[in-house]
K.L.:
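Okay, handing you the structure first.
Positions are given from 1 along the sequence. FYI, side chains are in, hydrogens and waters are out, and symmetry mates aren't considered; it's all heavy atoms of this structure. If you're wondering where the values come from, they're calculated on a predicted model, not measured in any experiment.
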Amino acid sequence: MRRVAGWVLTVAGGLVVVLVVAASLVYIVSERRLNQRYAVTPAAVSVPADAASIQRGRHVALVLAKCGDCHGEDLGGLIVVDAPLFRIVGPNLTAGRGGVGARLTDADWLRAIRHGVGRDGRALLSMPSEDYFHMSETDLAAVVAYARSVPPVDRVLPASQLRFLGRVLLVLGRLPVPAAAVIEHSAPFVPPVPEGATLEYGRYLALVGCHGCHGPGLSGGRVPGAPREFPPASNITPAGAIGQWTEADFFRLMREGQRPDGAEVHPFMPIRATAQMTDVEIRALWMYLRSVPPMPYGNR
């Protein structure tokens with residue numbers, strides 16, 4: 001009996017050692033990846049200060065790029081997700097208590113928005129800069145001007161945190177890589193696209209505001225990195241249900257959050273932002289979505 005008990009203790013002790021070693025390796029490898037530095041020097045951009053540019057920046061930030069989904073409509077920050085794998089926090093971007101706005105230079109803003117890299121050179125894990133990299137220089141400068149203009153908000157929030165199970169998935173390559181790892185940082189700004197009900201402007205709007213959830217091909221599927229309870233994105237190519245819609249149906253969805261059959265879209269769809277798009281923007285986006293190649297659902 002004692003021999004059996006000793007064997008059990010030996011096995012249990014061995015398992016504990018294995019688990020401790022495995023956990024240590026997960027922590028070491030994940031820390032190395034999380035602390036990887038990106039040497040990015042943003043292109044010099046002239047940030048305006050006039051009222052028209054600030055108003056344009058607000059529209060781009062809150063309506064087209066949907067920054068309020070993570071940072072709040074007041075840019076004072078939000079706890080976006082608090083799940084077993086990770087806690088994602090959109091930081092307070094204002095100059096108030098708990099905010100970072102007062103200490104960010106123009107280069108810091110540009111590096112974060114366009115390149116997905118923080119002041120310390122580390123990747124911003126949940127920053128959709130692969131979308132914002134398509135933003136024109138004029139619009140990006142206007143967004144920075146707007147962000148600098150917002151009133152201070154006193155809101156102290158915890159930091160984003162990748163918890164142990166999230167670190168395991170990171171080590172196994174099961175989490176999306178940060179935008180900073182895939183962006184071609186040396187690429188020039190895209191040429192400015194004139195506002196208008198055109199395919200070109202619709203494509204610009206989709207690149208900045210739709211691809212992050214619906215995928216590069218706009219065919220939808222589960223959003224990479226989103227918690228399991230979040231719904232998959234719809235296929236918004238002509239192969240999806242939207243291919244049977246009319247322009248009026250699309251306007252109703254974007255403005256009221258209702259499908260043609262009257263069903264409400266999931267709150268994950270940022271209707272509060274899309275409802276503020278202009279008629280020209282919605283029409284341009286509709287024209288572009290009608291023109292993209294049909295793709296099977298879920299191919300992203």
K.L.:
Any link between Tyr146 and Val60 through a network of hydrophobic side chains (Ile, Leu, Val, Met, Phe, Trp, Tyr) touching at under 4.5 Å?
P.N.:
yes
K.L.:
Identify whether NZ of Lys or CZ of Arg in Arg114 sits under 6.0 Å from the centre of the six-membered ring of Phe133 and within 45° of that ring's axis.
P.N.:
yes
K.L.:
Just wondering, more than 12 heavy atoms not from Arg174 lying within 6.0 Å of its CZ?
P.N.:
no
K.L.:
Could you list who else is in Leu207's hydrophobic cluster, with ILVMFWY side chains joined at under 4.5 Å, directly or through other members?
P.N.:
none
K.L.:
Any chance you could pull the hydrophobic cluster mates of Val182, using side-chain heavy atoms under 4.5 angstrom and chaining through other members?
P.N.:
Val177
K.L.:
Work out which heavy atom in Ala284 is nearest to a heavy atom in Gly196; give both atom names and the distance.
P.N.:
CB-O, 3.4 Å
K.L.:
Considering non-hydrogen atoms only, spot the tightest contact between Val156 and Arg97 and give its length.
P.N.:
CG2-NH1, 3.4 Å
K.L.:
Salt bridge check: are Arg259 and Asp261 linked by an N-O gap of less than 4.0 Å?
P.N.:
no
K.L.:
Between the side chain of Ser53 and the main-chain N/O of Ala142, is any donor-acceptor distance below 3.5 Å?
P.N.:
no
K.L.:
If you compare all heavy atoms of Asn35 against all heavy atoms of Arg122, which two are closest, and at what distance to 0.1 Å?
P.N.:
OD1-NH1, 2.7 Å
K.L.:
Angle class for the His266/Phe268 ring planes (parallel below 30°, perpendicular above 60°, tilted otherwise)?
P.N.:
perpendicular
K.L.:
Less than 4.0 angstrom from a charged side-chain N to a carboxylate O is my criterion; do Asp108 and Arg103 meet it?
P.N.:
no
K.L.:
With clusters defined by side-chain heavy atoms of hydrophobic residues (ILVMFWY) lying less than 4.5 Å apart, directly or transitively, does Leu93 cluster with Val153?
P.N.:
no
K.L.:
State, with a plain yes or no, whether a side-chain heavy atom of Arg58 is found less than 4.5 Å away from one of Gln276.
P.N.:
yes
K.L.:
So, His185 side chain and Ala180 main chain: donor-acceptor pair closer than 3.5 Å or not?
P.N.:
yes
K.L.:
Do the non-hydrogen side-chain atoms of Val292 and Pro238 ever get within less than 4.5 Å of each other?
P.N.:
yes
K.L.:
Contact between Ile282 and Arg255 at the side-chain level, heavy atoms closer than 4.5 Å - yes or no?
P.N.:
yes
K.L.:
I'd like to know if Ile236 and Met295 are part of one continuous hydrophobic network [Ile/Leu/Val/Met/Phe/Trp/Tyr, side-chain heavy atoms within less than 4.5 Å].
P.N.:
no
K.L.:
So, do Val143 and Tyr132 sit near enough that their side-chain heavy atoms are less than 4.5 Å apart?
P.N.:
no
K.L.:
Arg111 and side chain to side chain contact (heavy atoms under 4.5 Å, CB included): which partner among Leu124, Thr105, Val117, Thr41?
P.N.:
Val117
K.L.:
Are side-chain heavy atoms of Leu285 and Met254 found at a separation under 4.5 Å?
P.N.:
yes
K.L.:
Identify the two heavy atoms, one from Val265 and one from Leu253, that lie closest to each other, and give their separation to 0.1 Å.
P.N.:
CG1-CD1, 3.1 Å
K.L.:
Glu281 and Tyr201: side-chain contact (heavy atoms from CB on, under 4.5 Å), yes or no, with the steps?
P.N.:
CA-CA 8 Å; Glu281 289 167 343; Tyr201 194 55; 3.9 Å; yes
K.L.:
Shared ILVMFWY cluster between Tyr297 and Met269, side chains joined below 4.5 angstrom?
P.N.:
no
K.L.:
Looking at Arg272, I'd like to know if its CZ atom is crowded, meaning that more than 12 non-hydrogen atoms belonging to other residues, nucleotides or ligands lie closer than 6.0 Å.
P.N.:
no
K.L.:
Counting C-beta onward and ignoring hydrogens, is there a side-chain heavy-atom pair between Phe86 and Ser126 closer than 4.5 Å?
P.N.:
no
K.L.:
Between Ser136 and Pro192 (side chain of the first, backbone of the second, donor and acceptor by atom type, cut-off under 3.5 Å), is there such a pair?
P.N.:
no
K.L.:
Does Arg155 offer a backbone N or O that forms a donor-acceptor pair with the side chain of Asn92 under 3.5 Å?
P.N.:
yes
K.L.:
Under 4.5 Å between side-chain heavy atoms, counting indirect links through other Ile/Leu/Val/Met/Phe/Trp/Tyr residues: same cluster for Ile271 and Val208 or not?
P.N.:
yes
K.L.:
Has the side chain of Tyr38 got a donor or acceptor atom that lies under 3.5 Å from a matching backbone atom of Ala123?
P.N.:
no
K.L.:
Compare all side-chain heavy atoms of Arg283 with those of Phe251 and state whether any distance is below 4.5 angstrom.
P.N.:
yes
K.L.:
Closer than 3.5 angstrom, by distance alone: can the side chain of His214 be matched with the main-chain N or O of Asn235 as a donor-acceptor pair?
P.N.:
no
K.L.:
Where is the tightest heavy-atom contact between Ile54 and Ala49, given as atom of each residue plus distance?
P.N.:
CD1-O, 3.7 Å
K.L.:
Measure across Ala112 and Ser129 and return the closest heavy-atom pair with its distance rounded to 0.1 Å.
P.N.:
O-OG, 3.1 Å
K.L.:
Is the CZ atom of Arg56 crowded by more than 12 outside heavy atoms at less than 6.0 Å?
P.N.:
yes
K.L.:
Would you mind reporting whether Leu64 and His59 have side-chain heavy atoms less than 4.5 Å apart?
P.N.:
yes
